Amino acid sequence: MAQPPAIEVRSLSKVFRVHERAPGLRAAVASLFRRTYKEVTAVDDLSLSIAPGERVGFLGPNGAGKTTTLKVLAGLIHPTSGHVRVAGHVPQRRETAFLESIALVMGQKQQLLWDLPPVETFALNRAIYDVPQDVFAQRLAELDDLLGLRAVSGKPTRQLSLGERMKCELAAALLHGPRVLFLDEPTIGLDVAMQLAVREFLRAYADRTGATLILTSHYMDDVVALCPRVVVIDKGRLRYDGDLRTLSRTVRPDKRIAMRLRADGPAPDRAAIERLGEVVELEATRAVIQVPQEGVRDAIAQLFASHDVADLTVEDPPLEEVMRELFASTGDARAASPGDGPRA
Amino acid sequence: MRRLARTYVTLLRVGFAAALAYRAEMVVWMLTTTMPLVSLALWSAVAAEAPVGRFGPSDFVAYFLAALVVRQLTSSWLVWQMNQDIKQGSLSQRLLRPVHPLIHYSAENLAALPLRAAIAVPVAIVALVTTGGGHFARDPTVVGVAVASLLGAWLINFLTMAILGSLAFFTESSTSAFEIWFATSMLLSGYLVPLEIFPAGVRAATDVLPFRYTLGFPVEAITGRTTAGHALAQLGVQWVWVVVLGGIAIAAWRAGVRRFAAFGG
């Protein structure tokens, strides 16, 4: 028998009623007597299914409905319509068994007690989630292995750096062993090294525990590193659901060839390179060109024939550009349709 | 239930650690609740001329020192915490945990009690010494009622703060509602003036309103200004208020969380 999905969303919509008024004193006074509201559709008829153990990235511009969707899945927001099941539960009921099986980490909100060392939050969560002492000790040791907590978890939270705090936030969120992990911008504000550490940790954690992981991030590197599958949401609607590579190829069916020339060899021949494709970058010993997928083979052959190549790589265009193009296109003609990607 | 008790002990322990971390702020805050000392000086001076009703100077000393102790041990500041959690969205973190946020709040509130007792106990000793102990309850029933009334007073305060705090789900002015409650309470709880000095009509009204059960009633029980029968009857009224306010607090909380969930927190 097939395993039931970890997350099942059918025709989810969320409409917020927002108070609206013009600027100025007159409007402020008028709004005391007659308030006008407008309806904002944050999530519009969203359907998706995520299997246990999958790692899925939610992508979309600001205001696309990503965080609203995550909050609905975590039971913090009631849907206006539609059906949602997470780990076999209806999230909005917030039953104990449901809350024990999920964790939501928000990069911009913290659960650590500000004036106490993180170990106190860990102890608090152990009690709240009723984690047996031996299991708690073992999980803490595992998290310490992956995150190096010991050095920081005894200092008051307010004295920790942003990166140290995020490590402890993750540990606090994972001590009860959630099966479904929601991450809303977990690397926001972190430096590159710390972003990498958090990414590696999340991947190791998901591999080790088989947890389902849903991630939203503005850092495309997070998504590339962690999520084989992406769900693209724009204006509350599903634009794409499938693997990252297919999305990239569908939206931007071209490749980037990055070539490094020998330092002691001749300079790159701009005219020759421009004939092969669009020049993205051209320096004394380095050139990046964009060529149609079917032209990659010829372009490489010609680059080798006309230049003293030290190193050459072929890559997909950066995901940032793919996304920019996807959201810039008005119709769905160039963007992949929701049905294109494989469903879990 | 066993699990909740175990969890509650940890909530109290961590809450106590947090209270210790905020000790300086808390001491300053507690010092702002020394109004009874002002009343004490004022009314003792008045009573030095001639007794006010049944109150001579030492009666006022006992009453207002007991009032100070009761206030230290039973006050709640939940409305501020809830206001902050709701407005800043940090309530989400509480809602995600498998323990009811009101239970968690109550533990945070109670955990500060040992620190408050550190101020209240010396005051109680001063009260006993300066008044010779003759102004405090001796009847075991009244002593029992006094202890139970402290718990009841704390519950009424906590539940009222939960109701007023829940207003923050609906309006920007939940703390203004608190100010109105607080001003009324100062007058009608016996905090500024012992209620038995009020005219009979006002006294009758305070008997049925909740305010007196947050302060005046426990103070009267502690200072032995009541009979066992009357004290038990008043305890009954106090706990009816606890039940009523508990029901309203839960309903207000649920309605608020529904709105929070509708608007997105």
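The sequence lines fix the lettering, A, B, ..., with proteins before strands; numbering per chain opens at 1. Only this structure's heavy atoms are used, side chains among them; waters, hydrogens and symmetry mates stay out. From a predicted model like this one, the values you see are computed outputs, not experimental measurements.
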More than 12 foreign heavy atoms under 6.0 Å from [atom1] of [X]: is that the case here?
X	atom1	result
R158(A)	CZ	yes
R3(B)	CZ	yes
R179(A)	CZ	no
H83(A)	NE2	no

Reported [atom1]-to-[atom2] distance for the pair [X] and [Y], which is rounded to 0.5 angstrom:
X	Y	atom1	atom2	result
L76(A)	L91(B)	CG	CG	8.5 Å
L96(B)	M106(A)	CG	CE	6.0 Å
D130(A)	L4(B)	CG	CG	10.5 Å

Is there a side-chain contact between V257(B) and R94(A), using heavy atoms and a 4.5 Å cut-off?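 Yes, side chains in contact.
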
Among L20(B), T7(B), V9(B), single out the residue with the greatest number of heavy-atom pairs under 4.5 Å to chain A.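 If we count pairs closer than 4.5 Å to chain A, T7(B) comes out on top.
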
Shortest non-hydrogen separation from P98(B) to L99(A) and the atoms involved: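 The answer is CA-CD1, 3.8 Å.
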
Ignoring hydrogens, what is the shortest heavy-atom contact between A21(B) and D115(A)? Give both atom names and the distance.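 Answer, listing the atom of A21(B) first, then D115(A): CB-CB, 3.8 Å.
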
Kindly say whether L124(A) contributes a backbone atom to a donor-acceptor pair with the side chain of T10(B) at under 3.5 angstrom?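 Side chain of T10(B) to backbone of L124(A), a donor-acceptor pair under 3.5 Å: no, none is there.
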
Tell me whether R6(B) contacts the main-chain N or O of I128(A) through its side chain, where contact means a donor paired with an acceptor under 3.5 Å.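 No; zero donor-acceptor contacts below 3.5 Å.
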
Chain A contact via R13(B) - which portion, at a heavy-atom distance below 4.5 Å: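 Just the side chain, heavy atoms under 4.5 Å.
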
Contacting region of R97(B) [heavy-atom separation from chain A under 4.5 Å]: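 It is both, since atoms from each part get that close.
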
Quick one: of E100(A), Q92(A), E95(A), who has the most non-hydrogen atom pairs under 4.5 Å with chain B?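 Ranked by heavy-atom pairs under 4.5 Å with chain B, first place is E100(A).
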
Any idea which of N125(A), I102(A), L113(A) has the most non-hydrogen atom pairs under 4.5 angstrom with chain B?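 Sorted descending by pairs with chain B, the first entry is N125(A).
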
Using non-hydrogen atoms and a 4.5 Å limit, figure out which bit of T80(A) sits close to chain B: side chain, backbone, both or neither.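 Neither part.
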
